[in-house]
Chemist: 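Sending over a structure as structure tokens; questions will come in a sec.
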Amino acid sequence: MKILDRYILKTYLKTFMSVFVILMLIFVLQSIWLYISELAGKDLAVSVILKFLVYVTPTLIPLILPLTILLASIMVFGSFAENYEFAAMKSTGISLQRAMRGLSVFILILAVVTFFFANNVIPWANYNFYNLRKNIAKTLPAMAIAEGQFNEVGNYNIKVEEKSGEKGQYLKNVYIHKKNTKRVGNYTVISSETGELISSENSNILQLVLYNGNYYDEVISNDPKQNVKKPHVKSYFEKYVINVDLEGLNDVDYEEKSYESRFNMLDVSDLNYTIDSLYNEKSNDFKDFSKTLYERTSIANLKDDIETKKDSNYTGEVLELFDTKTKVQLLNLATNTVNSTNQIIESKSFSATSKTKWLNKHIISLHEKYALGFACIILFFVGAPLGALIRKGGIGLPLVIAILLFLTYHFIGIFSKNSSQDGSFNPVFATWLSTLIMLPLSIYLTRRATKDRGLFEFDSILDPLKKLFRIKPKNENDPLLLSYKKLETYNEDKLVDVIKNFESYDYDETVKPRAYAQLKKLGLNTSEIVEKGINIDTNFIASEKVAKDFNDYSLTTFVSYAIAAVFIVLHFVFKNNKLPELAVTILNLGLIALLFFAIYFVVSSIKIYKFFSTLKESDKKINYFLLLIGLPFYALTYFLLKNRVKEELSKSSIKNIK
């Protein structure tokens, strides 16, 4: 490995590990917050909590690893471009692809390792995590009763609309289905307005006390008429006590593994076997269903050897041949047959939809293992050239761009996979969709970064419009501006001579900032330009540095403003389209972007204050009152401030560069 590859790899690994650890801590804390209700108040041993964290950590890798690769790539390559390290590489004939070659090998190895991790470690973690959560839930039944769904506690299925109290012991609108050991089904239903869970540390009995409710018990009789007359027995109670034996529930083995058939607990070989089995089961179900419908038609019982003859004397409807009673019987028989067949079809349709959804979940889980590795490769080729193009390292702008790109990638994947579960969208294509969308973006960014071109080129859009409306550029026939283009062909020494002796080249002093900027494009920093004999005032050096910081921070402010505006608009769009969960998620992301905007707005305001302070000219200042008023229209304010700083810096360079 050459020194350059070693240096780039070492720099990338340092950033990669730092970002990975930070994101892992954030997501682990978020997981703890998500499952805090399952851990709190259960007197769990430290070893059990540590196992909980160990099992949850690998399940976060599919989220953390792609974001880490994207963010680290933007930060590292943005830092290289910002510090003119890429300019130094290009001056020695090293292209961007050559600089990325060592890291590309590392990313390929990481992608292969990621596949084996997703195939072996993540299913193991999901398997242990699910079973540990199930065993923890048994420790305190009050915690096992979740709001809005039926929860199995002993011989009872309990549904609670709302829980309150320090331990969730007070219940509201309780519905209970009591199991019967002698017959299968829910024949006993208990409902009450309120309830309370009472337990004692020294007792294995949990008391569920219900207040103001009804007790329903279905009456089963061999006589159908009696079932119609007396379908159930109903009794009212003011207080009803149910005792649940907790001896079997509290004696929990946290190492017990009793559930291992979920799709996210299987590796590639198990998933392939299960998918084949589900396909065969689905095919057999459809064959049996078609056979059942065929047999219900009684077509097989028809005698084919009977020859029918047409009666030339009767041309009316066949039904008119029967008397009224027979007509009613025939119509009732036909109606019952059709209704029965419709019920069978609806029931089978619901069952087929559930099985299709279960099959598609296995297919998605299988292809997610492959897609994760490819996503790591593609997101690297998105982040690395993007960092080289934006020429900004650090946490600010790269973090905003990385989060925006990753959220786009992640949400596309979630929406497509959710849409494919019911069979309306191909599950294989849905799993790969977000990765396939990022593929052309990676090719586009890599090509532009290789050719050292900007992120976007608006000339291809603006030039046809200018021709259409016959708008001529201002510098098209300006001989002075045309002569400035010659500066791009000069070498370093000639540019230095232009700054010192601009009159001999038939220029005025306005050429100095342009020649100075061209020297910067050639890869020279300020100290190297000074070493070549150019006298630059220290105040100008300070103002130039502050101006660069202002441009970076103001760009981050502008991007945060744009993201916040888009997310807030999307919040109302999703809310009006009855997507409340998505609307809340988008609103939270918009508020986070708005917080970034406020922070960076303050920082950029401080930077522009420092900029005008370093100019040492009292008449140059910004009206901060107007700046605050224009805060809602920062998209316009950003461009005005940027042009103002550029103009003042150009004027200052004329006086301070000699």
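Scope of the values below: all heavy atoms of this structure, side chains included, with no hydrogens, waters or symmetry mates.
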Chemist: Identify the two heavy atoms, one from P58 and one from I122, that lie closest to each other, and give their separation to 0.1 Å.
Modeler: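 Looks like O-CG1, 3.6 Å.
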Chemist: How many angstroms lie between atom CD1 of I275 and atom CG of D270, to the nearest 0.5 angstrom?
Modeler: 11.0 Å
Chemist: Can you name the closest pair of heavy atoms from A111 and G373 and give their distance?
Modeler: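 Smallest interatomic distance, heavy atoms only, reads CB-O, 3.4 Å.
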Chemist: Which heavy atom of G383 sits nearest a heavy atom of S73, and at what distance?
Modeler: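 In this case the closest contact between G383 and S73 is C-CB, 3.6 Å.
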Chemist: Got a sec: does the OH of Y553 have more than 12 other heavy atoms crowding it under 6.0 Å?
Modeler: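 Counting other residues, nucleotides and ligands, OH of Y553 stays at 12 neighbours or fewer.
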Chemist: So does K355 have more than 12 non-hydrogen atoms from other groups sitting under 6.0 Å from NZ?
Modeler: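 Atom NZ in K355 is crowded, with more than 12 foreign heavy atoms closer than 6.0 Å.
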Chemist: With a 4.5 Å heavy-atom cut-off, do H410 and L67 have their side chains touching?
Modeler: no
Chemist: Applying ring pair (Phe, Tyr, Trp, His ring centres under 6.0 Å) to F129 and F52, what does each step give before you reach the verdict?
Modeler: CA-CA 7 Å; F129 181 60; F52 185 91; 5.2 Å; yes
Chemist: Look only at the side chain of T57 and the backbone of L53, and say whether a donor-acceptor pair between them is shorter than 3.5 Å.
Modeler: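 Present.
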Chemist: Please verify the inter-ring angle class for F380 with Y12; under 30° counts as parallel, over 60° as perpendicular, anything in between as tilted.
Modeler: perpendicular
Chemist: Compare all side-chain heavy atoms of F381 with those of L445 and state whether any distance is below 4.5 angstrom.
Modeler: no
Chemist: Hey, mind stepping through W432 and F374 against ring pair (Phe, Tyr, Trp, His ring centres under 6.0 Å) and telling me if it holds?
Modeler: CA-CA 9 Å; W432 289 91; F374 281 95; 5.5 Å; yes
Chemist: Which distance, rounded to the nearest 0.5 Å, do you find between the OG of S365 and the NZ of K417?
Modeler: 9.5 Å
Chemist: Applying the side chain to side chain contact (heavy atoms under 4.5 Å, CB included) test to M438, which of I412, L433, I443, L379 qualifies?
Modeler: L379
Chemist: Find the distance between CZ (F558) and CZ (F597) and round it off to the nearest 0.5 Å.
Modeler: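 One gets 10.5 Å once the value is rounded to the nearest 0.5 Å.
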Chemist: When rounded to the nearest 0.5 angstrom, what is the spacing between CD1 in I22 and CG in L71?
Modeler: 9.0 Å
Chemist: Which pairs would a plain distance check flag for residues 98-108, meaning a side-chain donor or acceptor within less than 3.5 Å of a matching protein atom at least two apart in sequence or in another chain?
Modeler:
| from | atom 1 | to | atom 2 | distance (Å) |
| --- | --- | --- | --- | --- |
| R98 | NH1 | D5 | OD1 | 2.8 |
| R98 | NH1 | D5 | OD2 | 3.4 |
| R98 | NH2 | D5 | OD2 | 3.2 |
| S104 | OG | M100 | O | 2.6 |

Chemist: Decide yes or no for I26 and I64: does some side-chain heavy atom of the first lie under 4.5 Å from some side-chain heavy atom of the second?
Modeler: no
Chemist: Kindly indicate, with the supporting measurements, whether the criterion side-chain contact (heavy atoms from CB on, under 4.5 Å) is fulfilled by L13 and L9.
Modeler: CA-CA 6 Å; L13 286 177; L9 181 60; 4.0 Å; yes
Chemist: Applying salt bridge (Lys or Arg N to Asp or Glu O under 4.0 Å), name anything that partners K369, two or more places apart in sequence or on another chain.
Modeler: none
Chemist: Answer whether the closest heavy-atom distance between the side chains of I69 and L110 falls below 4.5 Å.
Modeler: yes
Chemist: Assess the residue pair I563 and F596 against the criterion (side-chain contact (heavy atoms from CB on, under 4.5 Å)); give the C-alpha distance rounded to whole Å, side-chain angles, the decisive distance to 0.1 Å, and a yes or no.
Modeler: CA-CA 10 Å; I563 294 173; F596 271 94; over 6 Å; no
Chemist: Can you tell me how far NZ of K14 sits from CE of M75, rounded to the nearest 0.5 angstrom?
Modeler: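 One gets 13.5 Å once the value is rounded to the nearest 0.5 Å.
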Chemist: Can any side-chain N or O of S416 pair as donor or acceptor with the backbone N or O of A430 at less than 3.5 Å?
Modeler: yes
Chemist: Going through the checks in order, is the side-chain contact (heavy atoms from CB on, under 4.5 Å) test met by L278 and Y273?
Modeler: CA-CA 9 Å; L278 291 174; Y273 176 80; over 6 Å; no
Chemist: Do L405 and L386 touch side chain to side chain, with heavy atoms closer than 4.5 Å?
Modeler: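 When only atoms from C-beta onward are counted, L386 and L405 do touch, with a gap below 4.5 Å.
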Chemist: Using 30° and 60° as the class limits, which term best fits the ring planes of F406 and Y409: parallel, tilted or perpendicular?
Modeler: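 Rings of F406 and Y409: tilted, as their planes differ by 30° to 60°.
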Chemist: Identify the heavy atoms of G590 and A564 that sit nearest to each other, and give their distance.
Modeler: O-CB, 3.7 Å
Chemist: With a 3.5 Å distance limit and no angle check, can you tell me whether N119 reaches the backbone of F115 through a side-chain donor-acceptor pair?
Modeler: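 Checking the backbone N and O of F115 against the side chain of N119, no donor-acceptor pair under 3.5 Å is found.
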Chemist: Would you check if the side chain of N126 reaches a backbone N or O of M265 as a donor-acceptor pair within less than 3.5 Å?
Modeler: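 Side chain of N126 to backbone of M265, a donor-acceptor pair under 3.5 Å: no, none is there.
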Chemist: Do T11 and Y7 touch side chain to side chain, with heavy atoms closer than 4.5 Å?
Modeler: yes
Chemist: Pick out which of L555, L595, T556, V559 makes a side chain to side chain contact (heavy atoms under 4.5 Å, CB included) with Y600.
Modeler: T556
Chemist: Donor-acceptor pair, distance only, cut-off 3.5 Å: does the side chain of T446 make one with the backbone of S442?
Modeler: yes
Chemist: Are D549 and K610 side-chain neighbours, meaning at least one heavy-atom pair lies under 4.5 Å?
Modeler: no
Chemist: Examine distances only and state if a side-chain atom of S604 and a backbone atom of F601 form a donor-acceptor pair shorter than 3.5 Å.
Modeler: yes
Chemist: Would you check, one step at a time, whether the test side-chain contact (heavy atoms from CB on, under 4.5 Å) holds for Y55 with Y127?
Modeler: CA-CA 9 Å; Y55 294 152; Y127 168 60; over 6 Å; no
Chemist: Identify the heavy atoms of A371 and T435 that sit nearest to each other, and give their distance.
Modeler: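 Heavy atoms only, the tightest pair is O-OG1, 4.2 Å.
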Chemist: Is the shortest heavy-atom distance from the side chain of L4 to the side chain of I8 under 4.5 Å?
Modeler: yes
Chemist: Identify the heavy atoms of P427 and T431 that sit nearest to each other, and give their distance.
Modeler: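 Closest pair (atom of P427, atom of T431, distance): O-OG1, 2.7 Å.
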Chemist: Report the distance from atom CZ of F77 to atom CG of L389, rounding to the nearest 0.5 Å.
Modeler: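 The CZ atom of F77 sits 11.5 Å away from the CG atom of L389.
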